[in-house]
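As structure tokens, the structure follows; a few thoughts come after it.
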Amino acid sequence: MVSTDAPRVALIQFPGSNCEWETKRAAEAAGIICDIFRWNRDPSLLAEYDGYIIGGGFSYQDRVRSGVIATKEPIVATMFEQVTEEGKPVLGICNGAQVLVEAGLIPGLNPGQVEMALAPNYPDPAGRLRDFCCRWVYLRHSCPQGRCELTSHMESDYVWPVPIAHGEGRFTTRTAGLIDRLRETDQIVFQYCDAQGNVENTPEINPNGAMANIAGLCNPEGNVLAMMPHPERASFVRQLPVELGASWGEKKREAWGSREAMAAPGPGRLVFDSLREALLPATVAG
Amino acid sequence: MQMIELLVKLKIPDVTALTAAAALRRRMGYGEVLKELTRADYYALHLQTDSQQSALALAEELAESTNLFVNPNKHTYELRGPGEKVKPTSEDGVWPVEVLVTDAEGTEATEIQQALKERLGYAEQVAGVEQGTLWIMKVAAADLATARQIAEEMAVTKARDEGLLVNPHFQAWEIL
């Protein structure tokens with residue numbers, strides 16, 4: 001049970017969202033009050049929340065392209081103000097990441113300007129996955145600990161397994177020098193890597209062909225995180241496949257038959273723990 | 001070499017075009033100027049034929065009998081030769097404008113080409129197939145140049161509140 005004085009997030013539900021309940025469960029397990037907030041409610045009510053989550057799914061059935069129709073809704077305009085003017089944190093997962101990129105919050109060098117795309121997975125003949133891709137990958141936490149508010153509980157270079165499930169997840173840009181600038185400013189939060197943390201641009205490691213193996217980016221202020229993988233699906237030991245091997249696969253094996261051990265945190269919980277901490281100052285201030 | 005355009009449209013209401021039109025009108029301020037928005041799958045067929053007439057006949061055969069472009073249960077189609085496009089004219093101050101959106105990293109319809117050439121026996125007649133999405137707008141404006149400018153503004157996404165149909169970081173566009 002989450003304490004009633006815990007920080008509160010609004011998890012924005014668009015028509016076509018489909019990950020809201022497991023995301024709510026993961027956030028609540030981290031001690032956050034998480035209200036599912038329909039897109040067509042009075043947007044001014046968003047001001048009552050300490051932060052926001054936009055979860056995965058197919059907002060507006062991915063019509064035109066993923067996330068773009070949602071960005072035109074008044075609720076996103078209000079969230080944009082709360083995030084850029086009040087500094088409230090927002091976590092975008094998968095379709096939520098697509099919304100944040102199309103809303104100009106990520107990479108956010110010029111907030112509101114669309115500086116990147118989450119393009120269709122790279123269709124090359126070398127065997128890179130194309131179209132919709134659903135599997136477990138490894139991520140490296142590539143920025144210094146604390147650079148991004150939403151990964152403050154994660155040590156730098158931490159390597160963790162997490163599932164991806166997307167057809168349009170390739171971070172790309174035609175803005176000259178942008179990727180170099182994102183490296184310099186440590187806005188590249190997560191990169192696809194192998195189980196040892198090696199970041200290489202091969203189809204096995206970088207499943208969608210993202211520039212610089214980018215799986216997650218934050219804005220310059222560090223209060224907005226857009227990530228294509230699903231931390232809510234790696235938030236409990238019970239969600240992890242034994243086939244992962246190594247420490248997390250072993251934990252799952254050891255948890256077999258124990259309800260408590262299965263409910264223990266998985267690696268994705270660190271994202272929600274970080275979100276909770278990012279929400280606390282706003283709660284105190286409010 | 002002849003180039004024939006094949007436009008494939010849904011028979012049923014196209015919810016993607018309807019959603020895009022609603023966003024442009026209700027959320028982006030184009031309620032007065034965007035009179036109609038429809039959409040077609042666009043193919044440019046590069047055909048090795050000796051005349052435009054034979055190219056049109058071959059294109060019709062490809063559309064009708066290969067099952068690669070048209071499902072007759074749900075699609076209608078239209079063929080256009082290069083000389084058939086007439087200069088757009090206004091109807092009561094409303095101008096037709098077409099915006100072709102393609103993948104900036106390549107327009108080639110690789111799998112369709114492969115199927116036509118390797119599986120269906122069109123290796124000598126089909127030189128290439130390019131694909132994209134054609135947005136067909138009717139725009140209220142004082143003249144065609146203004147209508148084309150408004151169409152481009154509606155199409156190209158530069159900011160959260162500017163443009164809808166193209167993300168220039170991975171797509172290309174052309175006002176036809």
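Convention: sequence-line order gives letters A, B, ...; per-chain numbering from 1. Worth knowing before you read on, the calculation uses all heavy atoms, side chains too, and leaves out hydrogens, waters and symmetry mates.
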Practice task
Kindly say whether B:Arg160 contributes a backbone atom to a donor-acceptor pair with the side chain of A:Lys72 at under 3.5 angstrom?
Solution key: yes
Exercise for the section: Would you indicate whether B:Lys158, at its atom NZ, is surrounded by more than 12 heavy atoms from other residues, nucleotides or ligands within a distance under 6.0 Å? Expected result: no
Practice task
Verify the neighbour count for atom NZ of B:Lys11: are there more than 12 heavy atoms of other residues, nucleotides or ligands below 6.0 Å?
Solution key: yes
Handout entry: Residues, nucleotides or ligands: over 12 heavy atoms within 6.0 Å of B:Gln53 CD
Key = no
Problem - Over all atoms of both residues, closest heavy-atom pair of A:Arg174 and B:Pro168 - result: CD-O, 2.9 Å
Exercise for the section: Count the heavy atoms belonging to other residues, nucleotides or ligands that lie under 6.0 Å from NZ of B:Lys138, then report whether that count exceeds 12. Expected result: no
Completion exercise
Of A:Pro111, A:Pro74, A:Gly104, the largest count of non-hydrogen pairs under 4.5 angstrom with chain B goes to A:Pro74
Handout entry: pair B:Leu164-A:Ile69: side-chain heavy atoms closer than 4.5 Å
Key = yes
Completion exercise
Under 4.5 Å to a heavy atom of chain A? For B:Val101 that would be neither
Practice task
Calculate, to the nearest 0.5 Å, the distance between atoms CZ and NE2 belonging to A:Arg170 and B:His169 respectively.
Solution key: 13.0 Å
Practice task
Compare all side-chain heavy atoms of B:Asn167 with those of A:Val114 and state whether any distance is below 4.5 angstrom.
Solution key: yes
Exercise for the section: Find the distance between CE (B:Met28) and OG1 (A:Thr71) and round it off to the nearest 0.5 Å. Expected result: 7.5 Å
Problem - A:Arg65 and B:Thr157, any side-chain heavy atoms less than 4.5 Å apart - result: yes
